[in-house]
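Start at 1 and go down the list; that is how both ligands and their atoms are numbered.
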Amino acid sequence: MKYKNKTSCVHSGELKDLEYKGAVSPLYMSTSYAFDKVDYNRYPRYFNTPNQTALAQKISDLENGEKGLIFSSGMAAISSSLFSNLKLGNHVIFQNDLYGGTRNFIKKQFPKYGIEFSFSEGLEPSDFERELKSNTVGIYIETPSNPLFKIIDLKKLSQFAKDNKCWTIVDNTFASPINQNPINFGIDMVVHSATKYLGGHSDISAGAVVSNNFFIDKIYDHAKNFGGNLSEFSTWLLERSIKTVFLRVEAQNKNAMDLAKFLEKNEFITSVYYPGLESHPDYLIARKQMHGGFGGMLSFEVNKNINISKFLKSLRLIKPSTSLGGVESTLVIPKKTSHALLSDNERLNQGISDNLIRLSVGIEDPKDILLDLQNSFNTASNES
Ligand SMILES: *Cc1c(COP(=O)(O)O)cnc(C)c1O
């Protein structure tokens with residue numbers, strides 16, 4: 001039975017404790033299972049232990065897919081999904097502003113295997129069309145993108161890909177399945193860094209891919225060679241975390257919207273990037289395809305009067321730390337963290353200025369987050 005998303009968060013894929021009737025899924029740490037009971041052996045690297053199967057079902061239900069696979073990191077899910085759909089001589093088109101780790105993976109690994117790639121500067125199908133070659137087999141994007149939250153129209157892109165016989169992958173980490181389900185718009189595969197919103201407490205490294213049976217079987221065939229399965233304990237912990245992802249993301253959506261509106265009016269801020277603001281160039285597309293809210297991530301540029309290192313030191317509540325999607329508010333300077341591996345030119349080309357700050361909004365009281373920002377702006381301002 002297919003439940004509504006809130007119910008799926010709590011109950012999808014739960015394992016029944018038939019012996020003791022405990023309320024939560026039992027944790028099976030076993031790496032060895034009877035070989036006469038199943039047609040293929042249960043084994044962690046075969047992605048088919050009881051806890052792995054249960055969690056894959058939950059994430060697949062949340063993304064409206066047929067099947068899912070859980071990995072030890074977002075990059076394990078991303079690299080396995082890409083490599084299992086590619087071979088020597090193939091070409092893939094990527095969106096230009098891509099998560100740094102994914103970009104690094106492509107640039108380092110693809111040339112060794114004779115796989116070609118291009119980056120599309122623009123977000124429209126016509127921009128992707130310019131990069132199309134006779135050997136193009138797939139398109140890979142992120143929406144909202146990092147760190148400026150550009151939005152790609154999923155329906156238009158998936159139609160363009162189908163017309164050109166390409167598969168599509170969307171990294172849905174920033175939106176989370178609570179705000180956006182790319183499969184509903186015809187996208188083939190959805191990948192996640194579950195280290196972020198799905199885990200939500202900054203204490204689990206994990207990844208996932210959700211798709212139909214055809215693509216998941218294909219990815220599975222490669223994944224059991226590559227490894228990259230998630231440990232049983234982390235699998236169990238992630239199942240527990242996902243029970244509250246709806247509540248967390250709902251609170252983060254609301255807090256981020258409040259903060260974006262506050263920052264838009266702030267004297268120290270020159271621009272705010274949040275897809276839920278009507279001033280955002282892609283607001284109408286975001287409203288069309290993001291159903292829950294606009295996410296808990298936003299960026300802003302501070303004006304020249306703000307001394308950034310002084311600002312970072314003045315923060316009392318918000319943690320200047322990498323990663324995102326946790327219950328606690330954190331922020332990074334993309335130039336120094338997520339986009340540090342890019343050249344100055346590549347970075348400026350993507351519109352990432354030196355005084356851009358990316359905020360991952362937590363579930364704290366928004367008044368406290370706001371006050372922390374305002375106090376730190378005041379302290380870090382040259383005029384103070
Ligand atoms: C963090 C992140 C990844 C990589 O995930 P890991 O769990 O760190 O391997 C991929 N895509 C996006 C958008 C991310 O934020």
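Taking any N or O of Ser193, backbone or side chain, at least one lies under 3.5 Å from an N or O belonging to ligand 1. Considering backbone and side-chain atoms together, Ile78 places no N or O closer than 3.5 Å to any N or O of ligand 1. The shortest N/O to N/O separation between Ser205 and ligand 1 does not fall below 3.5 Å. Of the N or O atoms in Gly74, one or more lie within a sub-3.5 Å distance of an N or O in ligand 1. Residue Thr102 has no N or O atom closer than 3.5 Å to an N or O atom of ligand 1.
The aromatic rings of Phe300 and Phe311 lie perpendicular to each other, with more than 60° between the two planes, well past the 30° mark. Under the 30°/60° scheme for interplanar angles, the aromatic rings of Trp236 and Phe233 are found to lie parallel.
Arg287 forms no cation-pi arrangement with Phe294, by the criterion of a distance under 6.0 Å to the ring centre and an angle within 45° of the ring axis.
Residue contact check for ligand 1: Asn146 places no non-hydrogen atom closer than 4.0 Å to it. The closest approach between a heavy atom of Val191 and any atom of ligand 1 is not below 4.0 Å.
No hydrogens or angles considered: nothing links the side chains of Asn146 and Glu142 as a donor-acceptor pair under 3.5 Å.
Residues Arg248 and Val327 come closest through the heavy atom pair CD-CG1, 3.5 Å.
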